[in-house]
Colleague: 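Below is one structure. I have some questions about it.
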Amino acid sequence: MPVINRIADYTPDMTAWRRHLHTIPELMFECHQTAAFVVARLREFGITEIHEGIATTGIVAMIEGQGDGPTIGLRADMDALPMQEETGLPYASTVDGMMHACGHDGHTTMLLGAARYLAETRNFKGRVALIFQPAEENGGGGEVMVKEGILDTFDIKEVYALHNAPGVEVGHFYTNPGPIMAAADSFDIHITGKGGHGAMPHATVDPIMAAVGIANAIQTIVSRNNYSQDNLVVSITQIHTGSADNIVPEKAYMNGTVRTFDRAVQGMVLARLEAIVAGQAAAYGVEAHMDYHVGYPATINDAGRTEFAAQVAREIAGDAGVNANAGPEMGAEDFAYLLEERPGAYLFVGNGDTAGLHHPAYDFDDEAAAAGASFFAKLIERALPL
Ligand code: NI
């Protein structure tokens, strides 16, 4: 794997940073220890312009190149997940119920590795904006950093980010021009019937039958209402109701997710959900209402920047190690908010044969850090040549 030699030499340090971060997962906007660790490393690298406290614990740090040129933003996410780690690793989470199960410890480490190299070598003109964000998993930290004005304040012209990918060879890359990650909305449905004895259903209005009817009808949105060439997922992910075998419950609660790439499809789904909930409620004689929550928008790569970034990745991984047309995925990513405002690209770097993202046995592969850091560093040297 032809990573940058100097960055390969950082591997013991990057591994130590990553494993330390793995022991101290933090959630949402509360990435205080993580941010302090990042700032301490940046200072060690000789980086002096460090802006802290953006979106609570976000950081933007600037590296000056040699001579005038534009500013390019490189982004890493820092937050972890509210789940119990089951890796048994010596550097496992020390915090009960929190875990770096999406590899954001590795993403932070890759950007630190690139920062160290770029600060030491400065073989570029213009400036690099290192963006370390909290609250990617939930809370939209990227959106908050955009709203707090980082793109204008630091005059950032383009933005790039990496995510690790279990199941893809370590050090290989993939991406897609245009849509790469979906918009993620959610909905809650509250159903109220009339509870009573399980042996006398005629005297009740059963919210369970209404929930089942609604769940079945919702499955027709993808199969009967959506154009077959438009990507769409509608999943019911929770139904909660009932307490015993001899009680018809009074209420039921349902929850689910909607993944789209297209605003027209998103609007169609909302209209169908409303019609289905109202129609099924009438059919079963229950009261039902839905709350629909618009979430992260679709992550849309700029086609030109994506091909440029793929070419940089080929320098690291070779032609066979880069898939530049991998197609979109139905996951979501709040880097979408940065890509709505500036052209750029989001890529994946292989994490090898590991447990999947958000699994209790997942771990970032430390071998991937050198590849990711080399990609970021090379991207800056190619985009901002002396
Ligand atoms: Ni993630």
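Numbering of ligands and ligand atoms starts at 1, following listing order.
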Colleague: Determine which pairs satisfy ring pair (Phe, Tyr, Trp, His ring centres under 6.0 Å) with at least one residue from residues 40-80, sequence neighbours left out, and list them in order.
Modeller: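 Sorted pair list: W17-F45, H51-F154.
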Colleague: Should the pair E44-R41 be classified as a salt bridge under the 4.0 Å nitrogen-to-oxygen rule?
Modeller: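 Looking at R41 together with E44, the answer is yes, because their closest N to O distance falls below 4.0 Å.
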Colleague: For the side chain of Q84 and the backbone of G97, is there at least one donor-acceptor N/O pair under 3.5 Å apart?
Modeller: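 Such a contact is found between Q84 side chain and G97 backbone.
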Colleague: Any salt bridge (charged side-chain N to carboxylate O under 4.0 Å, His left out) involving residues 131-148? Give me the pairs, sequence neighbours left out, ordered by first then second residue.
Modeller: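 Sorted result for residues 131-148: E143-K147.
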Colleague: Under the ring pair (Phe, Tyr, Trp, His ring centres under 6.0 Å) rule, what pairs show up with a residue in residues 276-300, not counting sequence neighbours?
Modeller: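 Sorted result for residues 276-300: H190-H289, Y296-Y337.
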Colleague: Taking only protein atoms, how many N, O or S atoms are found under 2.8 Å from the Ni ion (ligand 1)?
Modeller: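 My tally for this metal is 3.
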Colleague: If you measure from the Lys or Arg side-chain nitrogens to the Asp or Glu carboxylate oxygens, is any gap between E307 and R314 under 4.0 Å?
Modeller: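 The answer is yes: the pair qualifies as a salt bridge.
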